[in-house]
Every structure is written in C-alpha cells, then in structure tokens.
Visitor: 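Just passing along the structure, written as structure tokens.
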Amino acid sequence: MDFSFTPEEEAFRLELRSWLEENLPEGWVDGGSNLEKDSKEYELFLRDWQRKLHDGGWAAIAWPEKYGGKNASLMQEIVYHQEMVRVGAPPLVNYVGLHMVAPTLMHIGTEEQREKYIEKILTGEEVWCQGYSEPNAGSDVAAIQTAAVKQGDKWIINGQKVWTSFGHMADKCFLVTRTNKFEKKHKGITCFLLDMHQEGVETVPIIQMDGEHDFNEVYLNDAIATDAEIVGEVDEGWRVIIALLMHERTGIGAQVFTLEKQFNELVELAKTLKEDGVPVIEKQMVRKNMVDLYMKSRGSLLNYYRNLTKALKNGQPGAEGSMDKLLVSELTKELFANSISLQGHQGVLWKEDAVAKDSYWQDQYLYSFGQTIGGGTSEIQKNTIAERILGLPKDMGR
Amino acid sequence: MDFSFTPEEEAFRLELRSWLEENLPEGWVDGGSNLEKDSKEYELFLRDWQRKLHDGGWAAIAWPEKYGGKNASLMQEIVYHQEMVRVGAPPLVNYVGLHMVAPTLMHIGTEEQREKYIEKILTGEEVWCQGYSEPNAGSDVAAIQTAAVKQGDKWIINGQKVWTSFGHMADKCFLVTRTNKFEKKHKGITCFLLDMHQEGVETVPIIQMDGEHDFNEVYLNDAIATDAEIVGEVDEGWRVIIALLMHERTGIGAQVFTLEKQFNELVELAKTLKEDGVPVIEKQMVRKNMVDLYMKSRGSLLNYYRNLTKALKNGQPGAEGSMDKLLVSELTKELFANSISLQGHQGVLWKEDAVAKDSYWQDQYLYSFGQTIGGGTSEIQKNTIAERILGLPKDMGR
Amino acid sequence: MDFSLSEEQEMFRNYVRKSLADFEGTQVARKYLVGDVNALTEAQASLTELGCPSLNIPEQYDGMGLGALDLVPIYEEAGAVLLPGLMLETWSFASPLIQKYGTDQQKQDFLPKIASGEITFSIAWLEPESSYRPAGVQVTAQGGKLNGKKILVPDAAIADYFIVVARSTEGREEAGVSLVIMPASDASIQPQLNIDSTRKVAAVVLNEVAFDQSQLLGEVDQGWSALQEGLLSFNAALSSMIVGSLDRIVTTVTDYANIREQFGQPIGRFQAIKHRIVEMKMDLETARSLAHYANWAYETHAEDRVQAVFSARIFCTDAFNRVAAHSVQIHGGIGFTEELDCHLYVKRARFYENYLGSTEQYYEETAKALGW
Amino acid sequence: MDFSLSEEQEMFRNYVRKSLADFEGTQVARKYLVGDVNALTEAQASLTELGCPSLNIPEQYDGMGLGALDLVPIYEEAGAVLLPGLMLETWSFASPLIQKYGTDQQKQDFLPKIASGEITFSIAWLEPESSYRPAGVQVTAQGGKLNGKKILVPDAAIADYFIVVARSTEGREEAGVSLVIMPASDASIQPQLNIDSTRKVAAVVLNEVAFDQSQLLGEVDQGWSALQEGLLSFNAALSSMIVGSLDRIVTTVTDYANIREQFGQPIGRFQAIKHRIVEMKMDLETARSLAHYANWAYETHAEDRVQAVFSARIFCTDAFNRVAAHSVQIHGGIGFTEELDCHLYVKRARFYENYLGSTEQYYEETAKALGW
C-alpha cells in the first residue's frame, strides 16, 4: 500500500501547476469570471481557453504523441485532474471531442475521418457535442427513434435529441440514429459525425432548475449526412457507443477531486458562518453531520483510489466505475443539501444576497439534483453494480 | 373531528377494566409471569386465561350474540385492544380460532361445521393454528405445494408448513393445501379443518433469533382429513383465504397501541438511565431521536385513527391496513434499535444482567426483526399500497 | 371518534379547489415569480369571494366565527399549487394574535379588514447575523421610535402591515421584547433575493420610525410569549399548507410513473420507483395526520398542543424536502428542467425549512413541551 | 500509488482462509456460544501455527516484525466467521502498547509469549454506572493495591492478563489514570450475560489485589494518553474485523437472492432486494477503503491517523448494524431463525457498537482531530 506519487509524477504536477499559474486569467482562482453561461462572450472565452491548453500541450495529454498528445499515464491523468480541480479551471468546451469522439476515431474511425477531425478537435477549431438521449430514450438509450434514411448518396435524418451539453456552441455532433427499425432494439443503430451548421439542425436551450443553461434540445428536420460521416458500420452503432464509453479511462476522477474540494470549502463555511456569534461548526448536530460527510467523502475518494489501483493492474477500468459514480453523485447531493441546512434561515438567500459570494452553495445545491440523473441515473448504476459486479439477475425488459 | 369516546364506550371500558383487575393473576401488570414460553405450564396458563375470558364474556366480543359474542362495535373493539394493551394481558392462545377460523365458518362454513367447532373455539377447549406458509411459499402464498389427494372417502395430505404459531399447543389446524396441481397457481387450492392429534402430523419447534419459540414447523405425512372438514369448495380455497383475512376488522390496532405504550416506556428509560450521573434524555442526540420517535409513533397512531374513521364510515376496512402494518412494524424496529443504542455500552447486557428487568429491551429488539417479515413483509406491503391504493402497475410474476 | 374533516369542511375544499382551478396549477406562482402580481391579486380575490379570509374571525368582526380546522382544506389546496402571498401570515398569525392580544380598537381596526381581504400582514423578526432566539432581537422600540434593520421579511412589498418583533427594554432575554403593528409604508424596503422566488423576501430598514402605544400588540415587554402563541396557529397552518404540496407531488409523480415508459415498462413497475413512491405516500399520510391533529389540538386547546403543533411542523418541513427531491429523481431529466414544476416544490420546501423558527429550535421546543 | 494489500498479504489471507475453513464457518463461534471452548482453542492453535500472533511483534521478541496492515487480512477472515476470543485485544491493543510503553522487562516477559500464542490480554475499563470518560475511572491503584469493580470485561474467563485502567491519583480528569497489567488469576470474575454470546463478558472484582511498580504499563498517572494510543491500533484492527463480517454477509445474501425464488423469480430480480444488496455492497466497499486506510495511516504515523482511524470505526460499526439487519430482512422468515447465521452478525454488530468507546465520543474525537 503506497499513497505517494513518483518523483516523475510530481514533476509533471509542478510543470502543469506553473503553466496554469501563468496561463489562467487574472483572478480566476479567486472567483472566476463573471461571464454569463449562455452568452457568446462565454463561448469565446471557453474556445480561447481550449486553444491555450492546446498551445501549451495540455489539451489531450492521454492521446498518443502522433496525434498531438503526451501519451500520459493513468497516474499523470490523475495528477492532471487534481490540478485542474485545485485551480477550478474553466470547463473544457470540447470535452466530448477530446475525450470521446477523437479516441473513438483513433480506435475505429477511417483514416480519412482521423485526418479530417482529430486535429481540429485538438485545437478547438471544431467543438463537438453528443446526440444520445431523446425524450423517450433516457435511461433506455437503445430506445432511440431519431431516424436516418438513405436517399441516393445522402442520409436524411429526422428526430429530436435532448440533454446535449455544449450543443449551442458545437460545430459537430456525434449523433446516434436508428437506421433499421425492424431489427431488435440494440441492432439497427448507426452513429454519424454530423455537421451542426446546416439548415436541418436547430438547437433550443433547456433551462435547468438552477436557472442556468448547460443543455440543449436538438431538432433534426431533414438534416443531411454522408456515408463518409458514418462511424463503424451501418446498423452496428451500438458497438460504437459501447467502445466510446470505454475511452473514459480515469472515470469520474475530476468529480471525486471536486467533491473533496467542496467538502473542504464546506468546512470553511461552517467555521466562518456564525449564529448569535458562535461558529456553526460548534453545534453538535453540525459536527455530527460534518463528520459523516468527512468519512463518506474520504470513503468515496479511497474507493476511487482502490478501483484505480485495480485499473492500473488490469490495464482497463471495470464496472467499478459505476460504484464511484453512484457514491460521488449521491454524496454531492447530500453535501449541498447539508450546506443549505447548515446556513439556517440564511440558506434561502440567493445570488448576490447569499451568504457566500454568487450564491455558490445555492447554485450548486440546485445543480446537484442533476448529478444522480445525468450520465446514468442512480437506479441504472445500481442495476449495473448488481448485475455486473454482484452477479444478480437482470431486470425485466433489459 | 372528534377524538372522544362516547359515554357508552367509556362505560364499556370501565366494565372491562374492572373485570381485568379482578381476573388477571396477582402481580401480572407489574411484570407478568416467569413462565417459560415453550413449557407445558405456560400452555396451561394460556388455556386457563382464555377460559377465564370466556367465562367473563370477554373472549370474542365482536361475535354475534347467538354464537356467544357481545356483537361489539368497531369502537368497542378499539377500547378492548387499548385496555388489553394497557394491562399487558397474556396472549390469546386461540387467536387463530377466535379471530380467523370461527368468523370464517360463520360466514362460509356449513351448519355442521359451525356446531362442531365454534363453541369449542370460544371456550378454548380446542385451540387452533393456521397452516399457510411453506418453505417455498413465503411472500408467495399461492405457491404452496402441500398436497391433499382423495383416496376413497378420505383425503391423504403430505407436505410441510412453517411459521405455525401456537402449532405445538394446537388441537386443530386451518390448513391450506393443493388439490389440483394442473390448475393455475391461485386455483386448485383447498382449505381443511385438520385434526392435529393424529399420527400423520408432527410439530417441530422453530427457535428464533431471540432464543424463544413462538413458531413451529408442521410435517404432514399421510395425514388424513374428510370431506366434512373442507371449508368452502374443493379447489376454491383461495377465496376462503381472502375471506378469512377480511375478518380482521380492527387490523393491527393492538400493535398500534402497543407501540404507543412501548414509546412511553422508552421515555421512562431515557429519563431514569444515567451516564456519569446525567439522565440520557438530556443528551441532545437522544432528545432528537426521541422527538423523531414521538412524531412518528404519533403519526402511526393518528393514521390508524384516520383509517379507522374511514372503516367506520364505509363499514369495511380497505387496503389502508397495509399502510398501518408497514408504518407500525418498521417503527417498532426503529424504536427498539434506538432503545439499545440509547443504553450505550450497557445495551449489550442480557437477561438478568440487563439494564431493565428481564432484558425487556434486548428481547424486544431481537423479536422486532420478525415484525417486518411476518404477516407479509414490508416489501409485500409496499406492493399492496402501490397497486391497490396508488394504482401503480403490478409486479412481474404477480 | 371521528378523525376526519367534516362534510362542510370537505365541501368548502371543493369550492376552493374549483376556484383555484381557474388559475391553472402553479401559474399564479410562476407569474408572481417573474414579478407579475396580477394573477395573485385575482386568485386572492377569488378566495376572498368564497370568504376564506373571514373564516376564523369572530362574527362580530364580520367573520364566520369558525376555527383553525376550517382553514385546513384551504391551505391544503393553496399548498397544492404553491399559491404565493401572505395567507398564513395574515390569517393564521396576525389574525389570531390580534384576536387574543389586541385591544378593542385594534380588533375594530384590523379584523374586519382582514375578513374582507383588504389588508395583509407580514412579520419582521430576523436581523442580520442573528437567529430566531430572543438574543437576536435588537431592533429597538424605544422612545416612540423603531430603529434597526430586519431581514427576510416575507412578501414585504405586498404587505400592508408588519408585525415587528422589537426590543422595548434592552437585553438579550425574552422579557423586554414587544410586538409592534406598523404600516408597511413607514419603512424602507430593500428586496432580498430568495431561492424560492414565488415567495419574495426583503430587508426592512427602520430609521426613527414613529409609533405610539396604540400600535403595541399585547403588553409592552411581553411580546415574546405572544409571539410563541402566534407560532402555534402559524405552524399548524403551515403544516397543512405543506400537506397540500405533498399531496400534489405524490399525485403527479404517480401519474408520471404510470405513463412514462423505459425498457418497455411503465417506470412505476420498477420497484426502485414503485416503492419510493410508496414511501412518499407514507410521508404524505403521516404529515396529513399530524397536521390535522395539530390544528385540532390548537383549536381545542388540547393539553398536548405545543408538542403536537411543533412536531407536525418538523415532520412536514422535513418530509417536504424529502418528497420534493424524490420527485425530481423519479421524473429524471425532465424533472431537472425549469419547465416542470418539480423544482418549484424543491425551492418552497427549502423556504419553509427554517421559516419563522429553525428546525433545531422546534426539536428542542417539542422536547421541552413533552417534559423532557 | 497502490491502494491495495500486497501480494504477500493476500497470500497470507489465503493461508488463514484455508486454515479457518476446517472449522466450518461460524461453528467455532456457535460452539463457544454454548460454552465449548475447545473449537476456539483449536482454531487459535491453527492461527498460531501460521504465525498470526507474532506478525506485528519485533523480531528480537520472536516476532515477524511486520505491521498493522499485515494483520488486516487475518482480521477480515476472522470477522467473516465471527471468530471469538481476544485477538483484537491481545494483538492490536496490549501488544502495541507494551511495545510502545513497556519496560524492557515487560517486553521480555510478554512479547515472546504473545508471539507464541501462549498468553492473551483483556481490558478492564468500564465500571458500574460510569462511562468511557476519564471521570468514569474510579477503581483505585493506590498503596500497591487495586480496589473496585470493573464490568463488561471481554472474555475475562479465557484471558491470562488484564490491562486495568485505574486511578492512581484521585480525581475525575485524565491525569491520575494509570494502566496496570494484572494476572487474571488475581481477580474474582463474575460472568455477565451478553446479547452476543460469542463474546463473553464479565465483571471483575478487585479486592485489595496487590501490584507493584513493575506492573505499571507506562508512566504512573499518564495512563490515559497511552490508552488513547492503544485505541488507535485497536480501532483500526476492529474496523478490519468488521469488514470481514460485512463481506461474508454480502456474499451470503447475494447467493441467497440468486437462488431463492418467489413469484417465479429469483428474489434478487426484484429491485427492492437487488438495490438493497447494492447498498450493502457500497457500505462494504466504503468500510473496506476506510479500514485499509486507517491501518495504513496508523502504521505510517500519517498526520491524519486519528481522524482516519476513528471515523473508520464509526462508519464500520454503523454499517455493520445496517447491513446485518438488511440481511435478516432479505432472508425473510428463515433469516429470523436461530438456525441461520444472520442473527449472529446482528448481535456481534451490537456488541461492537459501543465496545471500548462510544459512537458519540468517537464522533467528537474525530471532529477534534480535524481541528473543529
């Protein structure tokens, strides 16, 4: 058992750390920008940040060197997540392109596709989104109905996608369609590399319960794609989807480290926030709740390290990622619910009137409701754990 | 809204109360007998108590007068439960006979059956048990396999029953058998009024996790019954089972009142038990837990009253009984788990060394695990509530 | 024994429900949220037409002379659609307090106007960096002037009067606190942003605001015990309001689970969903029983009324947070959007969690009332 | 980064597992429960043969010179079958304390005999109507005599020595408490009945029991801090013991849910069962991570060792109660019988809940260690 990083890993950390210090916008670490999430300015800022990352060689460290990556080890990726979380780096506008589409193309794309897309993903010239979920295909991804029909040498695509993050900024979409409705559910699916800048594609923002706009609906009305934009084989898209999910090597590392940071911030809040002059951390109930959060968040971090150790030894992550996801997402909800209760009557104050600047806790509290839904609900994670790790029977209908 | 009892109901209460004071064994209310539950002496005591109840006219108050009852109203039954719980009256050895078998026979028995059995149920001359559950038919009652086969004018019965309370004291058994295995699961079931005193019937005690013996396995090896001992029609026993369950008019009233009493006893414990000289009820955590138990147990009592009000207005109880059962059984477990924690390191002390005499809390804690299993598990209650009250879809396999 | 609302009360519920149905679910709340007060004014007018504000006011002051239990169905229906406004504060805090502690003049001045729906009351209690404890009351009511700052005053902008909790004699104890009825127009109101925008809050700055003896509600320096009495009727009513919300959530989520299909099954067939809805239903029914009893206990001055009311409040506010959160989860992605109502209930649940008293304090009050 | 036990440690686990397999699951515990100590003696002999008692003892005292982490797989395997006896108390309390605070003579006297499995230690701490706090220690160790009564002394009848927590200087504070190593034969032992009969407890009456300086463990009057140090290694070890029990419960219940059918389905197909088992699994894995880290932190003197160990203990004892109870419920009727093992785990979970320290106190100790 050994919790240390190697000197090489620590050197890598220092290198990244000093690069970040030089390249993050002034004052970022102390509170970030005041950019509105759904503004054009925000989009430009994010694209600019990705370009900076690329220029510094930090956009896709896990990629092979021949594609412009650093061929980073799993542990270097971990260090990377830790540092990015530490400084609260801006989100990666091209996360989908960098972490999902490009690795998939490297794996099963054609040579033409690799040449056409990968470089532009890296530079941020082309931002990607993914078109998976539909109104009637949430947990049940294979139930998608968006139809792609071949007419001449074109595919005509009609349907609707939801929960498309960065959809309003995206140039391209990794789109999952149904090309054969007579096949069984998991057959007859085809994946396209769709151009978003065309008449048949309309993007409509989804406003979330926290008032923000991170996701979109994407309406496809006679959108057009070509054979060259198909990934893998026609009707064999389910395999591509599975392969694409497998490229997330370090799982939810960033979220694990974020939770750790948020817990520490909550401790600070409980120490500084006073009620009748007494810091709330001195209240017995608060202490108990905070110790509970301490041990659970430590537990989730240590579980993650344990699963990572397995992945390091086996070369590939297993279904344990579902356990990390379940723990971290549920715990994130619990932490932020606690953060509101802990503020007592002041917990309802909002935006600039909130106890903490920019109503960080209230925003995160509301946003946290999405954690146990997006990326597979907790119920789906439990099924996965039950079936793939414990060997319990499959659910009906699956 | 009116929580009072009528003067007539209060008079009824006083009448019962004074009868109990005269007829309960000396010192009973202050700690009961020291009789071992599985001894012959205990059985004789229980039979004697039932005879006494009968002599006083208190054995079957809800029965019509022509069968020896008092034709008691629903509210009189409530008063009866309250008073019995208040004094901690001995269990009714012939509960099954009085509350299930006899009312069913009054409803759908033959005239001969009524004459043969009802009087002896009332006097306690014949004690009854029920033969429902089997090793492979627990929650799934209709899955019973005990077979009754007609040979000449006799039925030959083979199989095994479990969880037969009072089975070792019983003279008769209300036995559920399968008489036609080709019919669907809920068909082909037949109910017998089996004589327990025959060679083909063997009773084996089940020792529970609390070390006590309340239940039995009953082995049937060529046990014999006659046509005259069939209740209802051959192969139509499922209807009889349903009808029999319907005769429990006041549901789990006794348990609701028992929970109320146990909560009050727990408050006393928390007031008298000291740690370093300070009553544990002064600890903030204990106070919070006790207030939680207070509101939940009040909630379960008030829910029961509300459901009772509905039953009073509709003439029949509905599926709400499942809600009462779920609440009370889960809460009973919670209460006793709390009672152990509240005793701190002394919580593990057992029998005569326990904090409270006869390790009441430890015994009840262990016994409470059976509450959410027996009489339909909490999971089954939830299905019933979901399907019958909320109108949600039926489970697979049901 | 009859633990149910009377036929008349249930009939009244139907009137209220029909009347509110015209406003299409949470639309009044959604309009109020964006600053449109008209729908609320109309909804209130419609409740006034039914006589709701006059229900628990004595006949001599133009009321119907009924009690807390008669308000229960109204609150349940209002809670179902998250109706904004100062109903609870006016009908179940100010009105009972004026009835109990008010002078004849105050009764004459205020009760008929409450009954007719002309005036509403809000409560100015909390102060910056303080708590609900007596020590937190430091706004002064001395020398005929009110001075200091109150925060989190509910719907101050639409209130006609504030009941100001102020210190007439310096100190940190219960004694020395007085209640002052003050016209809202006397104060400077500074809106504060609130997570639940269907209830607005504001800071109220009191700068040498003049008042005289006739504005004191109850005895001078004895305001704290009057406040506690007001909290009894208030919390019984609040509990019923929450029951209404719980009921609507359970109905909505049950409908959704029957209709929404995934993996070829209505999701209500999966026990993870099915049993969770049952737990929500159990929370609802327990909340309803406790709330009904709390109102009965308050109305009949039952011996256990303090513990009955405060424990009902704790259970209801807790259950509201729990049930509203489950509802988002069961609805899945769509439950996370602004479009569905799920989040409105989540936010209202947080608004009530520590509204006019903290959960922590109500636990302690309940324990004390039980003699522990 | 490598958060796993080493290959050697896992190999050792296999030896222990095979060795304990001869005793057929919980049979040693079940025999001990009815007063038959032979099976336990044999099982202990078999562990001694593998060198378990010597693992964390320095080589100069005939040990293997290994550490707390090396004991982890042994405790996990012992916990799986609820092995009775004084392993935790001897190997992970007495032994580390003697190593740290013992005189050379004490080390010579005791460590080789612990290593060879010849002697066991129990702990005499609690007293009637007291608590685990310093004020509770009122047994006196003065004038060369021990006087007073200890209760809930674990497995006193099979212990060779007691470490007695006694007051060398009168008072109620930490200072003035000393630890005395006392031969068990010097005391009068009165068995006390315990809900978990696989661990016996007893009252120990000390009536003018003579002791001398050489029996003091650590400095006179400074025993409290030594005790706290001992609780670190003890609780890290206890956590691993519990992890072993959790692991066995989860395996057993998963097997049962795959085999047991109702309504024509293995019950593990019903989400009510399926998802609950997942929650048990999550409890197990979190407990394991916390316990492994606790032992690592103890062994490496990590800065966060106090909070790591005490929070692991809280989580594990809590999870044990939870998981053991779920196991009864999922097994249904048969889980409620004496025949199945379910209840043995339920009882052991209660035994550990407040064993050598209360949950309440460990919460507070953790908070303090975190600097709150």
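The analysis underlying the following values was restricted to heavy atoms, covering all of them including side chains, and did not include hydrogens, waters or symmetry mates. Everything numeric here is computed off the predicted structure, so don't read it as measured data. To find a chain, count down the sequence lines: A is the first, B the second, and so on, and within it residues start at 1.
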Visitor: Please rank D:Asn321, D:Asp196, D:Leu340, D:Asn354 by heavy-atom pairs under 4.5 Å with chain B and give me the top one.
Guide: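 So the answer, after comparing D:Asn321, D:Asp196, D:Leu340, D:Asn354, is D:Asn354.
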Visitor: Measure D:Glu129 against the heavy atoms of chain B and call it side chain, backbone, both or neither at under 4.5 Å.
Guide: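 The answer is the backbone of D:Glu129.
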Visitor: Where is the tightest heavy-atom contact between D:Ile195 and B:Trp350, given as atom of each residue plus distance?
Guide: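 That would be N-CB, 3.5 Å.
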Visitor: Answer with side chain, backbone, both or neither: which region of B:Tyr365 has an atom nearer than 4.5 Å to a non-hydrogen atom of chain D?
Guide: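 It is the side chain, since no backbone atom gets that close.
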Visitor: Heavy-atom distance under 4.5 Å to chain D: side chain of B:Ile206, backbone, both or neither?
Guide: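 Contact with chain D: side chain only.
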Visitor: Please check if atom CD in D:Glu173 has more than 12 non-hydrogen atoms from other residues, nucleotides or ligands closer than 6.0 Å.
Guide: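 No.
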Visitor: Between B:Ser359, B:Ser139, B:Ala137, which residue shows the highest count of heavy-atom pairs closer than 4.5 Å to chain D?
Guide: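 Of the options given, most contacts go to B:Ser139.
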Visitor: If you compare all heavy atoms of D:Val346 against all heavy atoms of B:Leu366, which two are closest, and at what distance to 0.1 Å?
Guide: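 The pair with the smallest heavy-atom distance is CG1-CD2, 4.3 Å.
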Visitor: Side chain, backbone, both or neither: which part of B:Lys382 has an atom under 4.5 Å from a heavy atom of chain D?
Guide: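 Answer is neither: B:Lys382 stays 4.5 Å or more from chain D.
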Visitor: With a 4.5 angstrom heavy-atom cut-off, which part of B:Asp363 approaches chain D: side chain, backbone, both or neither?
Guide: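 Neither part; nothing is under 4.5 Å.
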Visitor: Which residues in residues 334-348 of chain B have any heavy atom lying under 4.5 Å from a heavy atom of chain D?
Guide: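 Answer by number: B:Ala337, B:Ile340, B:Ser341, B:Gly344, B:His345, B:Val348.
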Visitor: Kindly check if the number of other-residue, nucleotide or ligand heavy atoms within 6.0 Å of CD (D:Glu339) is above 12?
Guide: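 Not more than 12 within 6.0 Å, no.
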Visitor: Passes side-chain contact (heavy atoms from CB on, under 4.5 Å), B:Ile373 versus D:Gln329? Steps please.
Guide: CA-CA 7 Å; B:Ile373 299 171; D:Gln329 182 69 20; 3.6 Å; yes
Visitor: Using a 4.5 Å heavy-atom cutoff, which residues in residues 270-284 of chain B come close to chain D?
Guide: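 Interface residues of residues 270-284 of chain B: B:Glu275, B:Asp276, B:Lys283.
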Visitor: What part of D:Thr337 gets within 4.5 angstrom of chain B, counting heavy atoms only: side chain, backbone, both, or neither?
Guide: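 Contact with chain B involves both backbone and side-chain atoms of D:Thr337.
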Visitor: If you count the non-hydrogen atoms of other residues, nucleotides and ligands that lie under 6.0 Å from CZ in B:Arg388, is the total more than 12?
Guide: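 Incorrect, the count does not exceed 12.
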Visitor: Heavy atoms only: give me the nearest D:Lys347-B:Met209 pair and the separation to one decimal.
Guide: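 Closest heavy-atom pair between D:Lys347 and B:Met209: NZ-O, 2.8 Å.
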Visitor: List the atom of B:Phe215, the atom of D:Phe336, and the distance in Å for their closest heavy-atom pair.
Guide: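 B:Phe215 and D:Phe336 have their closest heavy atoms at CE1-CE2, 4.2 Å.
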Visitor: Considering only heavy atoms, which portion of B:Ser378 lies under 4.5 Å from any heavy atom of chain D: side chain, backbone, both, or neither?
Guide: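 Both backbone and side chain of B:Ser378 come within 4.5 Å of chain D.
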Visitor: Should we say atom NZ of D:Lys149 is surrounded by more than 12 heavy atoms from elsewhere, each under 6.0 Å from it?
Guide: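 No, not enclosed.
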